[in-house]
Amino acid sequence: QVQLVESGGGLAQAGGSLRLSCAASARTFSDYTMGWFRQAPGKVREFVAAIVWSGGSTYSGDSVKGRFTISRDNAERTIYLQMNSLKPEDTAVYFCAATAPFSAYNVKAEAVYPYWGQGTQVTVSS
């Protein structure tokens with residue numbers, strides 16, 4: 001079982017930045033592909049970014065490409081989402097997720113992530 005705890009959400013102005021963190025309880029954290037998803041009110045959950053367990057390859061959703069960066073610190077068992085050039089449409093609850101160990105298939109799909117955090121609210125004002 002992997003427990004995930006997000007932090008770093010809050011209020012930002014359009015054009016500003018925030019950094020989200022997700023701390024994991026997994027003893028072999030480096031074995032897990034990690035992802036960020038978000039859900040705005042009345043909308044389906046959307047893929048934001050993922051970082052693969054092996055080699056750290058990263059993937060980003062089209063709406064955040066070039067603005068958001070995912071990274072991981074295996075020693076700290078933590079992933080980060082650096083969000084720059086924020087827009088009001090980035091307002092959502094952001095969720096951290098982890099796959100099963102050694103999984104790197106279809107990382108943009110919710111279904112491959114059995115472990116989820118509780119989410120952290122990000123609000124961007126115009």
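Clustering ILVMFWY residues whenever any of their side-chain heavy atoms sit less than 4.5 angstrom apart, transitively, puts I70 in the very cluster that holds V48. Taking hydrophobic clusters as Ile, Leu, Val, Met, Phe, Trp and Tyr residues chained together by side-chain heavy-atom distances below 4.5 Å, Y115 shares a cluster with I51. A single hydrophobic cluster is not seen to contain both L81 and V52; linkage of ILVMFWY side chains at heavy-atom distances under 4.5 Å, directly or through other members, places them apart.
From S125, atom OG reaches atom CD of Q13 across 5.0 Å, with rounding to the nearest 0.5 Å. Separating the CD atom in Q121 from the CZ atom in R38 is a distance of 12.0 Å, to the nearest 0.5 Å. Taking OG of S126 as the reference point, atom CD of E89 lies at 10.0 Å (rounded to 0.5 Å). Remark: L20 CG to T78 OG1 distance equals 12.5 Å, nearest 0.5 Å. In this structure, Y113 OH and R45 CZ are separated by 12.0 Å, a value rounded to the nearest 0.5 Å. Of the inter-residue distances, the one linking R19 atom CZ with Q82 atom CD reads 7.0 Å to the nearest 0.5 angstrom.
Proximity of a side-chain donor or acceptor of E6 to a complementary backbone N or O of Q118 within less than 3.5 Å is detected.
What you find for A24 and V2 is that their closest heavy atoms are CB-CG1, 4.5 Å. Pairing each heavy atom of N84 with each of S17, the nearest pair is OD1-OG, 2.9 Å. Smallest separation of non-hydrogen atoms from V122 and G9: CG2-CA, 4.1 Å. Summarising the geometry of G119 relative to V93, their closest heavy-atom pair is CA-CG1, 3.8 Å, with the distance given to 0.1 Å. Heavy-atom minimum distance, A92 versus A40: CB-N, 3.8 Å.
For Q3, the CD atom is loosely surrounded, since the number of other residues' heavy atoms within 6.0 Å does not exceed 12. Within 6.0 Å of NZ on K43 lie no more than 12 heavy atoms contributed by other residues, nucleotides or ligands. More than 12 heavy atoms of other residues, nucleotides or ligands sit less than 6.0 Å from atom CD of Q39.
Two residues are said to be in side-chain contact when any heavy atoms from C-beta on lie closer than 4.5 Å; N74 and Y32 fail this criterion. Looking at heavy atoms from C-beta onward, M83 lies out of side-chain contact with V64 at the 4.5 angstrom threshold. No side-chain heavy atom of S21 sits less than 4.5 Å from a side-chain heavy atom of E76. Here the side chains of F47 and Y59 are in contact, with some heavy-atom distance below 4.5 Å. A heavy-atom distance below 4.5 Å is found between the side chains of E110 and F37.
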#### Entry: Pair Y80-D73, side-chain contact (heavy atoms from CB on, under 4.5 Å): steps then yes or no
CA-CA 8 Å; Y80 303 95; D73 184 334; 4.1 Å; yes
### Task
With side-chain contact (heavy atoms from CB on, under 4.5 Å) as the test, would you mind laying out the steps for M34 and W53 before giving the verdict?
CA-CA 7 Å; M34 303 293 295; W53 70 276; over 6 Å; no
### I79 vs F29, side-chain contact (heavy atoms from CB on, under 4.5 Å): CA-CA, chis, key distance, verdict
CA-CA 10 Å; I79 64 166; F29 174 75; 3.6 Å; yes
With a 3.5 Å cut-off and sequence neighbours excluded, list the donor-acceptor pairs that the side chains of residues 100-108 form with protein atoms.
none

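Taking the six-membered ring where tryptophan is involved, the planes of W116 and F95 are perpendicular, since the angle between them exceeds 60° and thus also 30°.
Using a cutoff of 4.0 Å between basic side-chain nitrogens and carboxylate oxygens, K65 and D62 are scored as salt-bridged.
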